[in-house]
Amino acid sequence: MGNDGTRIVLTGFMGVGKSTVARHLARLTGKRQVDLDDEIERRRAVSIPEIVKNGGIERFRQIETEVLGEVLASPKAAIISLGGGAWITEANREMIKNSGVTAVWLETTFEHCWRNIRFSRKERPLVKNKRQARKLFDERERYYCLADWHFVIDRGYNSFDIAQKIASDVFSIDAVAARGRRRNR
Ligand code: S3P
């Protein structure tokens with residue numbers, strides 16, 4: 001199956017804004033959005049920090065792969081925001097590719113991610129301090145680069161702008177027109 005751009009995963013480092021962009025995109029395109037971390041917690045009825053506490057990061061990665069498979073099997077899940085580590089697992093990248101789902105990398109600076117990590121309410125058991133986060137950030141770039149598309153979020157370009165750009169470049173939907181249609185419903 002080829003990546004025809006009708007379904008996407010959003011990948012990128014923790015704190016880049018994958019879930020926010022996914023929510024904007026869902027509104028702009030009328031497609032269904034699924035957040036992988038939320039699905040893990042909902043389907044397994046346990047929080048991610050608890051999974052990591054009880055079974056370690058390896059157990060979390062196992063469950064992440066299982067739930068990703070379940071989500072990919074549902075064709076209605078058109079916009080899937082991944083946790084920052086999901087794309088790093090080779091088996092997950094293969095599964096995404098084999099499902100014909102297009103991978104979109106959201107990139108920004110480490111400082112931008114770190115600011116969001118620090119001020120967010122989401123508990124991220126993998127990141128205990130800035131040095132550890134920086135190390136992960138540097139190690140992961142070469143994997144994120146493997147995504148089909150690449151969008152950069154910077155100061156002049158926020159998550160809504162990026163969602164509009166993805167809607168138009170990847171989904172070939174004129175985001176402004178799409179918003180107009182939804183408002184007039
Ligand atoms: C992780 C990122 C988190 C979550 C888990 C592990 C990672 O998601 O899946 O804490 O390894 O980068 P976000 O990218 O949404 O923070």
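- Annotation: ring pair (Phe, Tyr, Trp, His ring centres under 6.0 Å) contacts involving residues 43-64, sequence neighbours excluded, are absent.
- Each ring pair (Phe, Tyr, Trp, His ring centres under 6.0 Å) pair with one or both residues in residues 11-50, not counting sequence neighbours, appears once here: F13-F137, H24-F160.
- In terms of heavy-atom proximity, G15 sits nearest to N116 at O-ND2, 2.7 Å.
- Within the 4.5 Å cutoff, the side chain of V21 has no heavy atoms near those of the V104 side chain.
- Atom CD of E39 is separated from atom CZ of R42 by 4.0 Å, given to the nearest 0.5 angstrom.
- Residues I88 and Y144 are in side-chain contact: their nearest non-hydrogen atoms beyond the backbone lie under 4.5 Å apart.
- Of the inter-residue distances, the one linking D174 atom CG with S168 atom OG reads 7.0 Å to the nearest 0.5 angstrom.
- Side-chain contact of D35 with S19: a donor-acceptor pair under 3.5 Å is present, judged by distance alone.
- Using a distance-only test at 3.5 Å, with no hydrogens or angles considered, no donor-acceptor pair links the side chain of R134 to the main chain of W114.
- Screening residues 65-74 for salt bridge (charged side-chain N to carboxylate O under 4.0 Å, His left out), with sequence neighbours left out, gives R43-E70, R44-E66, R44-E70.
- Here E41 pairs with S47, I48, P49 under the side-chain contact (heavy atoms from CB on, under 4.5 Å) rule; sequence neighbours left out.
- Identified under the salt bridge (charged side-chain N to carboxylate O under 4.0 Å, His left out) test for residues 117-127, with sequence neighbours left out: D37-K122.
- Counting only heavy atoms from C-beta outward, the side chains of I8 and K31 never approach each other to under 4.5 Å.
- Applying the salt bridge (charged side-chain N to carboxylate O under 4.0 Å, His left out) test to pairs two or more places apart or on separate chains, those with a residue in residues 105-115 are E111-K130.
- Listed by chain and residue number, nothing satisfies the side chain to side chain donor-acceptor pair (under 3.5 Å) test with N54 (two or more places apart in sequence, or in another chain).
- Nearest approach of A167 to L25, heavy atoms of both residues: N-CD2, 3.8 Å.
- Taking the side chain as every heavy atom from C-beta outward, I96 and L82 approach each other to under 4.5 Å.
- In this structure, the side-chain contact (heavy atoms from CB on, under 4.5 Å) partners of D169, at least two apart in sequence or on a different chain, are W149, F151, K165.
- For the salt bridge (charged side-chain N to carboxylate O under 4.0 Å, His left out) test, residues two or more places apart in sequence or in another chain that qualify with K135 are E139.
- The closest donor-acceptor contact from the side chain of D148 to the backbone of A103 lies under 3.5 Å.
- In this structure, L28 and I166 have side chains that are not in contact, with every pair of non-hydrogen atoms separated by 4.5 Å or more.
- Taking each heavy atom of R7 and S99 in turn, the nearest pair found is NH1-O, 4.5 Å.
- No side-chain donor-acceptor contact under 3.5 Å links Y143 to the backbone of E90.
- Between M14 and R140, the shortest heavy-atom distance links the atoms CE-NH1, 4.0 Å.
- From W87, atom CH2 reaches atom CG of L146 across 6.5 Å, with rounding to the nearest 0.5 Å.
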Discussion item. Run the side chain to side chain contact (heavy atoms under 4.5 Å, CB included) test on T89 and L68 for me, step by step, so that the C-alpha distance in whole Å, both residues' side-chain angles and the decisive distance to 0.1 Å come before the verdict.
Written reply: CA-CA 11 Å; T89 306; L68 176 63; over 6 Å; no
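- Distance check, rounded to the nearest 0.5 Å: OG of S159 to CZ of R23 gives 9.0 Å.
- Residues passing the side-chain contact (heavy atoms from CB on, under 4.5 Å) test with N129, sequence neighbours excluded: R131, Q132.
- Two different hydrophobic clusters hold V9 and V152 under the rule that ILVMFWY side chains link at heavy-atom gaps under 4.5 Å.
- Between T109 and D154 the shortest side-chain heavy-atom distance does not fall below 4.5 Å.
- A78 and T6 make their closest contact through CB-O, 4.0 Å (heavy atoms, listed as atom of the first residue, atom of the second, distance).
- Every pair passing salt bridge (charged side-chain N to carboxylate O under 4.0 Å, His left out) that includes a residue from residues 54-63 is listed here, sequence neighbours excluded: R61-E64.
- Contact between L106 and K18 at its shortest, heavy atoms only, is CD1-CA, 3.9 Å.
- For T108, the side-chain contact (heavy atoms from CB on, under 4.5 Å) test picks out V16, H112, C113, I153, with sequence neighbours left out.
- For the atom pair CD1 of I79 and OG1 of T29, the computed distance is 3.5 Å after rounding to the nearest 0.5 Å.
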